[in-house]
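First comes the structure, then the notes that go with it.
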Amino acid sequence: MNQQKAYKPIRKAVFPVAGLGTRFLPATKVMPKEMLPLNDRPLIQHAWEEAREAGIEEFIFVTGRRKGMLEEHFDCQFELEQMLDSRGETEKLEKARSCNIEAGKLYLTRQPKALGLGHAIWCAREIIGDEPFAVILPDDVFLAQKSCLAQMVEAYNKTGGNLIAVTEVSKEDTARYGIVDIEKDNGNTVSIKGLVEKPAPAQAPSQLAIMGRYILQPEIFTHLANFEKGAGGEIQLTDALVKLIGKQEFYGFRYEGIRYDCGTKLGFIESNVAFGLADPQTGADVKEMIERLLKSR
Ligand code: UTP
């Protein structure tokens, strides 16, 4: 690690949102998974706000069929804004405007078929060009003092290279995640010598699992361009990441905070309860509601 060196800044973030969300059917039959509301805003807005907090300037959505609502959410809704303005409803007007993306800062690219996360990222290659970038999976959300990506950008400014968010999971859960093979554990960061996609507990090289935040160097596109199919017959990002190991600096980053999985029914319920409890406006009432519900069972 070289603390003096200035690394190229992370200005762009990719939001892959072209997946089918099949684990959450029937809710996601028509509604994009990334539009499901967590507390008072859709998942994609949580992700976008996290990116902004981390200093990201350009936002790239990899969208697909039936996903138009995602980009519309970030448009100016003239009629609504005019109506709220004429009624003097300033607080609601502020909320409606809270996710209007500035002109020229939202880029859209399409993934015609959901061939896997790696393929989705590859679809953004021309917009990213030759600079490091962030990837945010909107169905992974974090409750943290400082946003997960902001913590990662801070760490990246010291390490450079590739950085992926990691956290400890139970032995049985290794089969649900990409798992890190640790070369050297430095505490907040670990240098990585390998990655395995969804290993059975007995084969897992550690219990350190990859969560949905990445800072990547543009060389990843060379490896994604091979379109190699991996676990589940999909073009996996993890498989392309493995090819960068040993050629570039590669770190896992242990973030501070709690990650919630909004891609499954149970994870989604848990995250709504957690965000409701953490919200200063609703926290006390949500707690009382939960206690009441538990008592009545
Ligand atoms: P998931 O692994 O959760 O896949 O994708 P999914 O297809 O959305 O959901 P399931 O497994 O069918 O329930 C993580 C993120 O990557 C995007 C998804 O939209 C989600 O935000 N993704 C996934 C794509 O953009 N394209 C793909 O081909 C796969």
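Whatever order the structure lists them in is the order used to number ligands and atoms, beginning at 1.
A salt bridge between Asp185 and Arg254 is present, with a side-chain N of the basic residue lying under 4.0 Å from a carboxylate O of the acidic one. With salt bridges taken as basic N to acidic carboxylate O contacts below 4.0 Å, none links Lys295 and Glu291. At a threshold of 4.0 Å, the pair Asp261-Arg176 counts as salt-bridged, since one of the basic side-chain nitrogens sits closer than that to a carboxylate oxygen. For the pair Lys146 and Glu53, the salt-bridge criterion is not met [side-chain N within less than 4.0 Å of a carboxylate O].
The side chain of Lys33, and not its backbone, has at least one atom closer than 4.0 Å to an atom of ligand 1 (non-hydrogen atoms only; side chain from C-beta on). Contact annotation: for Val17 versus ligand 1, heavy atoms closer than 4.0 Å belong to the backbone alone.
Annotation: Phe24 places no N or O atom under 3.5 Å from an N or O atom of ligand 1; distance criterion only. In terms of polar-atom proximity, Gly116 is counted as a contact of ligand 1, with an N or O under 3.5 Å from an N or O of the ligand. Between Ala18 and ligand 1, a contact under 3.5 Å exists for at least one N or O pair. Not one N or O of Gly263 is nearer than 3.5 Å to an N or O of ligand 1, by distance alone. Below 3.5 Å of separation, one finds an N or O of Asp139 facing an N or O of ligand 1.
Of the protein's non-hydrogen atoms, Arg23 NE, 3.1 Å is the one closest to atom 11 (O) of ligand 1. In terms of protein heavy-atom proximity, atom 7 (O) of ligand 1 is nearest to Leu20 N, 3.1 Å. Scanning the protein heavy atoms around atom 23 (C) of ligand 1, the nearest turns out to be Gly19 CA, 3.8 Å. What sits closest to atom 21 (O) of ligand 1 on the protein, heavy atoms only, is Pro16 O, 2.8 Å.
The Ala114 neighbourhood of ligand 1 comprises atoms 28 (O), with distances under 4.0 Å to a heavy atom of that residue. Of all atoms in ligand 1, numbered sequentially from 1 with element shown, those under 4.0 Å from a heavy atom of Leu115 are 28 (O). Every atom of ligand 1 with a heavy atom of Pro138 under 4.0 Å away is listed here by number and element: 21 (O). Taking a cut-off of under 4.0 Å to the non-hydrogen atoms of Gln111, the atoms of ligand 1 that pass are 24 (C), 25 (O), 26 (N), 27 (C), 28 (O). Near Ala120, the atoms of ligand 1 lying under 4.0 angstrom from a non-hydrogen atom of the residue are 24 (C), 25 (O), 26 (N). Remark: ligand 1 atoms within the under-4.0 Å shell around heavy atoms of Glu34 are 18 (C), 19 (O), 20 (C), 21 (O). Close contacts of ligand 1 with Thr22, meaning ligand atoms under 4.0 Å from a residue heavy atom, involve 9 (O), 10 (P), 12 (O), 13 (O).
The side chain to side chain donor-acceptor pair (under 3.5 Å) test with Asn100 is passed by exactly one of Glu81, Gln77, His73: Glu81.
Taking 4.5 Å as the limit, every side-chain heavy atom of Val62 sits out of range of all side-chain heavy atoms of His119. At a threshold of 4.5 Å between non-hydrogen side-chain atoms, the residues Thr174 and Val196 do not count as touching.
Of the inter-residue distances, the one linking Arg213 atom CZ with Met152 atom CE reads 8.5 Å to the nearest 0.5 angstrom.
Other cluster members for Leu80: Met83, Leu84, Leu93, joined by side-chain heavy-atom distances under 4.5 Å among Ile, Leu, Val, Met, Phe, Trp and Tyr.
Counted within 6.0 Å of CD on Glu256, heavy atoms from surrounding residues, nucleotides or ligands total 12 or fewer; the atom is thus considered open.
When ring centroids are compared, Phe61 and Phe74 come within the 6.0 Å threshold.
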